[in-house]
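When reading the values below, keep in mind they use all heavy atoms of this one structure, side chains included, and skip hydrogens, waters and symmetry mates. Letters A, B, ... mirror the listed sequences (proteins, then strands); counts begin at 1.
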There are 2 protein chains.
Amino acid sequence: MIKKKFSSSVEDYLEAIYFIGKERGSVRTSDIAFFLKHKPPSVTEMLDKLSKKGFIKHEKYGTVSLTLQGMRIAEEVSGRHNTLISFLELLGVDRGTAEIDACKMEHILNRRTINRLRRFVEFVQRAPKEPEWLEHYKHFVKTGEHLECKSEGTK
Amino acid sequence: MIKKKFSSSVEDYLEAIYFIGKERGSVRTSDIAFFLKHKPPSVTEMLDKLSKKGFIKHEKYGTVSLTLQGMRIAEEVSGRHNTLISFLELLGVDRGTAEIDACKMEHILNRRTINRLRRFVEFVQRAPKEPEWLEHYKHFVKTGEHLECKSEGTK
DNA sequence: AAAAAATGTTAGGTTAACCGAAAAATTTAA
DNA sequence: TTAAATTTTTCGGTTAACCTAACATTTTTT
C-alpha cells in the first residue's frame, strides 16, 4: 500500500515541514527556505505542487501544515533518517557527516536495505551488554589491527 | 588530491565504460545505452561532455576509451561500489537489492563514510576467525531476539 | 493610518539529463 | 557495388528543480 515513490526533493520538503512544525509550531515559506537553504520562490513553487498532491495545506501568504497523508510520508522519511543517523554513528561517522549522508541516503535506499540497517542498530542497542566487537571494530578503525579477545593485547 | 565532485550521471557513465571495457574489450555507444538502460541519443550527448572534460576519447561513429584521468575516476567509483556491495551483503541484503542500492550510494556518500564502511568490511573479512556476533546478528534479524552468551556456546 | 520593512508570489530563465524522430554514417548482404 | 539494415548522431523537446528580478501582500514602525 505504501509503495509510491516520491522525489528526493518532495521528501525533503515534507520532512522539513514536519521538523519545523515540531520545533517552532508554525511553518512559513521563509522557515522552509532557511532550513533547506533554498530561495523563497523555489519554496513557493514546491508548496504549490505539494498542495496539489494533497500532502499539505497552504494558505496564500500564510502558513503551511501537513495533511494526514503528508504527515504519513514525513514520518516515514524521518524514521529512515533516524535509523541512518544511528547507524552511521555506530560506525563512528561524526555527527556532521552523518547528518549530511543520512539526508541523502534516506531518499534512495530500498526498504529492505533500510530494514537491515535498522535491525543492525537494534541489534547493538538492545544487546544485553555492550558488545565487545564494537570496541574491537573501533580499535581496528584506528590501528588497522585486530586485538584478539582473550589471548593477547596488541599494544 | 582527488577532491573534485562529479554528477551521479557522469560517474555512472565512466563506471559503465570502465566495466564494459573490461568485459568486452571495446566500448560503443550502444553498449553503454544497453548497460545503463538509456537511449543512444542520451549516450552520445554525454560522451561529448565527457570528451570535453577530458575523461574519454571518442571517435565519431567509433569506439570509446577512458583517458588516464577518466580511468582514475572510474576506478575510484568502482572501488566505492565494491565496498558497498560487500558491506550490504555482510548485512544480509540480497544481491539484487545490494546492486541497486550500491549504485546509488556510490555517488552520494562522503569519503569518510565510505572509509568507515570499508573498514567495517575489512574488520569482518580479516578477523582471525569467523566472528560470532555476525551469526548473532543474523539470528536477530530473523527472530528479533538476542541469543546471547547464556553459557558462551555457539560453535 | 501611511510609510517603510519584511515576507511571499509571479514571471521568466537556466541547467542537467533524459527522450523521440529523422538524418547521416557504417556495416552487412545480395 | 549497390541496396538494405544497423548504428550513431543531430535536432528539437520535455521535465524537475533550482534561480533572479519584479511585483504583491502583510506586518511593523512612526
Sequence neighbours left out, what pairs pass ring pair (Phe, Tyr, Trp, His ring centres under 6.0 Å) with at least one residue falling in residues 51-72 of chain A?
A:F6-A:F55

Reckon A:F34 touches a base, only the sugar-phosphate, or nothing at all at heavy-atom distances under 4.0 Å?
nothing

Do any of residues 101-110 of chain A sit with a heavy atom less than 4.0 Å from DNA chain C, and if so which?
none

Salt bridge B:K39-B:E45, side-chain N to carboxylate O under 4.0 Å
no

Anything under 3.5 Å between a donor and an acceptor, one on a side chain of residues 13-25 of chain B, the other on a protein residue two or more places apart or in another chain? List them.
| residue | atom | partner | partner atom | Å |
| --- | --- | --- | --- | --- |
| B:Y13 | OH | B:H38 | ND1 | 3.0 |
| B:Y18 | OH | B:K22 | NZ | 3.3 |

Does the B:T63 side chain pair with the main chain of B:E59, one donor and one acceptor, at a distance under 3.5 Å?
no

Would you be so kind as to tabulate the donor-acceptor pairs closer than 3.5 Å made by side chains of residues 82-103 of chain A, with sequence neighbours excluded?
| residue | atom | partner | partner atom | Å |
| --- | --- | --- | --- | --- |
| A:N82 | ND2 | A:S78 | O | 3.4 |
| A:T83 | OG1 | A:G79 | O | 3.2 |
| A:S86 | OG | A:N82 | O | 3.0 |
| A:E89 | OE2 | A:R95 | NE | 3.4 |
| A:D94 | OD1 | A:T97 | OG1 | 2.7 |
| A:D94 | OD1 | B:R112 | NH1 | 3.4 |
| A:D94 | OD2 | A:G96 | N | 3.3 |
| A:D94 | OD2 | A:T97 | N | 3.1 |
| A:D94 | OD2 | A:T97 | OG1 | 3.1 |
| A:T97 | OG1 | B:R112 | NH1 | 3.1 |
| A:E99 | OE1 | A:H81 | NE2 | 3.3 |
| A:E99 | OE2 | A:H81 | NE2 | 3.3 |
| A:D101 | OD1 | B:N110 | N | 3.4 |
| A:D101 | OD2 | B:N110 | N | 3.0 |
| A:D101 | OD2 | B:T113 | OG1 | 2.5 |

Gap between atom NZ of A:K49 and atom NZ of A:K53 - 0.5 Å precision:
6.5 Å

A:E11 and A:E106: which non-hydrogen atoms are nearest, and at how many Å?
OE1-O, 4.0 Å

Starting at atom NZ of B:K37, determine the distance to atom C1' of C:dA17, rounded to an integer number of angstrom.
18 Å

Salt-bridge contact A:E135-A:K138 (side-chain N to carboxylate O under 4.0 Å):
no

Polar side-chain atom of B:T29 near backbone of B:T44 as donor-acceptor pair, under 3.5 Å
no

Boundaries of the DNA chain D segment in contact with chain A, non-hydrogen, under 4.0 Å
D:dA17 to D:dT26

Grab the N/O contacts between the protein and nucleotides 6-12 of chain C below 3.5 Å, and write none if there aren't any.
| residue | atom | partner | partner atom | Å |
| --- | --- | --- | --- | --- |
| C:dG8 | OP1 | A:R28 | NH1 | 2.4 |
| C:dG8 | OP2 | A:S30 | N | 3.0 |
| C:dG8 | OP2 | A:S30 | OG | 2.9 |
| C:dT9 | OP1 | A:H58 | NE2 | 3.2 |
| C:dT9 | OP1 | A:Y61 | N | 3.4 |
| C:dT9 | OP2 | A:T29 | OG1 | 3.0 |
| C:dT9 | OP2 | A:T44 | OG1 | 2.8 |
| C:dT10 | OP1 | A:K60 | NZ | 2.6 |

